[in-house]
Undergrad: 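Before anything else, here's the structure in question.
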Amino acid sequence: MSVDKPIGVFDSGFGGLTVVSSLVEQLPNEDLVYLGDTARAPYGPRPIAQVREFALQGLDFLMDQGVKALVIACNSASSAAIRDARERYPVPVTEVVLPAASRAVAATRNGNVGVIATQSTVSSGSYDEAFAVARHIRLTKQAAPRFVEFVEAGITGGPELLAVAEEYLAPIQAAQCDTLILGCTHYPLLTGVISYVLGNSVTLVSSSDACAQSTYGRLTQMSLLHHHPREATRRFFTTGDPGDFQGIGRRLVGGFVADVTTVDLA
Ligand code: DGL
């Protein structure tokens, strides 16, 4: 496998761009190819079997681009497809769920960990499995589907979002969680309102950041990272409108979202 190939990053839409941000920070010399299945997003309300089918179609597309590794930058897709993906592709596949769970285990002081995620991630039981060996952890799960809508509309503050955040986070507070996993790659963009509601004593774990760290670790072990500074390329594919993708993507994570092409997966 060649070091010079790009890393493929898959998400249902825009949330995976928070993983791209972390990858750009932590692996600045790597070429990236991103695919957001925006035409079929959100994945969160969809049945797990369908999320798996869509995710494998997206990952197949990225493999066809000649990538050296795949990153499933979506909790819903990771929950549904990680096992199949690791069997199916001859390249390392990293994801968001296990890295976030390991970080939460290290961070918690009282053993009460919360996770907020999409409905499909919560229903899949992926976080229950991830914590199965950590018997001292009491896990509280809460679906927070409207957070995705707010992020995609570019709304990160205001009374309506605050009211929704207070409702979603009430069970986390009631369970006295001292650590909360942002178990959807959209949610790091709502860190402000979430920490405003929960206060400083709750540690927020970004599944996006944890995923980038785990990708760094995996590719270092496999000698697949560039060691020297270089001009890295970043290409973006969407199943939706390229202009919309670039506009929303830039608003969410910044100017590196360029060179956007439409692709038809179906
Ligand atoms: N980014 C997806 C995740 O991490 C959520 C968005 C969606 O529902 O498609 O689960």
Side-chain angles (χ1 to χ4, degrees), residues 8-23 34-59 62 70-82 85 93-101 103-104 114-130 141-156 164 168 180-191 194 204-212 214-215 236-240 244-245 248-249 252-253 257 265:
V9 184
F10 175 73
D11 178 48
S12 61
F14 296 102
L17 293 175
T18 62
V19 178
V20 172
S21 280
S22 299
L23 288 170
Y34 180 91
L35 170 62
D37 190 7
T38 41
R40 300 188 292 191
Y43 281 7
R46 293 183 181 277
I48 307 285
Q50 192 178 47
V51 174
R52 180 179 305 121
E53 183 194 333
F54 288 179
L56 293 175
Q57 283 173 355
L59 294 167
L62 288 171
L70 289 168
V71 178
I72 309 182
C74 172
N75 285 262
S76 311
S78 294
S79 302
I82 185 61
V93 184
T94 57
E95 53 88 44
V96 277
V97 174
L98 258 187
R103 220 190 238 193
V115 58
I116 50 172
T118 65
Q119 189 56 56
S120 65
T121 297
V122 169
S123 309
S124 74
S126 59
Y127 276 97
D128 303 274
E129 276 177 43
K141 291 165 292 171
Q142 173 66 41
R146 291 202 59 206
F147 276 175
V148 172
E149 292 167 28
F150 282 107
V151 167
E152 300 222 344
I155 299 168
T156 55
V164 170
Y168 286 153
L180 176 68
I181 297 173
L182 308 182
C184 170
T185 51
H186 281 68
Y187 299 171
L189 296 161
L190 298 179
T191 297
I194 294 167
L204 302 184
V205 173
S206 156
S207 59
S208 306
D209 204 36
C211 171
S214 118
T215 304
F236 295 85
F237 291 93
T238 172
T239 53
D244 288 352
F245 186 89
I248 296 173
L252 294 176
V253 295
V257 183
L265 293 181

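Indexing begins at 1, ligand by ligand and atom by atom, following the structure's order.
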Undergrad: Taking only residues two or more places apart in sequence, or in another chain, which ones meet D244 in a salt bridge (Lys or Arg N to Asp or Glu O under 4.0 Å)?
TA: none
Undergrad: Any atoms of ligand 1 less than 4.0 Å from a non-hydrogen atom of H186? List them with their elements.
TA: 1 (N), 5 (C), 6 (C)
Undergrad: Less than 4.5 Å apart, any side-chain heavy atom of Y127 and any of N75?
TA: yes
Undergrad: If only atom types and distance count, is the side chain of S12 paired as donor or acceptor with the main-chain N or O of D37 below 3.5 Å?
TA: no
Undergrad: Show the atoms of ligand 1 that are less than 4.0 angstrom away from any heavy atom in N75.
TA: 3 (C), 4 (O), 10 (O)
Undergrad: Assess, by modelled atom type and distance only, whether the side chains of S22 and S208 contain a donor and an acceptor separated by less than 3.5 Å.
TA: no
Undergrad: Looking only at protein heavy atoms, which one is nearest to atom 5 (C) of ligand 1, and how far off is it?
TA: C184 SG, 3.3 Å
Undergrad: Report yes or no: do T94 and T215 form a side-chain donor-acceptor pair below 3.5 Å?
TA: yes
Undergrad: What protein heavy atom lies closest to atom 1 (N) of ligand 1? Include the residue and the distance to one decimal.
TA: T185 OG1, 2.9 Å
Undergrad: Taking 4.0 Å as the limit for heavy-atom contacts, which would you say applies to D11 with ligand 1: side chain only, backbone only, both, or neither?
TA: side chain
Undergrad: Looking only at protein heavy atoms, identify the closest one to atom 10 (O) of ligand 1 and say how far it is in Å.
TA: S76 OG, 2.7 Å
Undergrad: If the cut-off is 4.0 Å to any non-hydrogen atom of G44, which atoms of ligand 1 fall inside it?
TA: 7 (C), 8 (O), 9 (O)
Undergrad: Give me the ring orientation class for F245 and F14: parallel if the planes are under 30° apart, tilted from 30 to 60°, perpendicular past 60°.
TA: parallel
Undergrad: What residue and atom, counting heavy atoms only, is the protein's closest point to atom 2 (C) of ligand 1, and at what distance?
TA: C74 SG, 3.4 Å
Undergrad: Is the backbone of T238 close enough, under 3.5 Å, to the side chain of T38 for a donor and an acceptor to pair up by distance?
TA: no
Undergrad: Which ligand 1 atoms, with their elements, are less than 4.0 angstrom from a heavy-atom of T118?
TA: 5 (C), 8 (O), 10 (O)
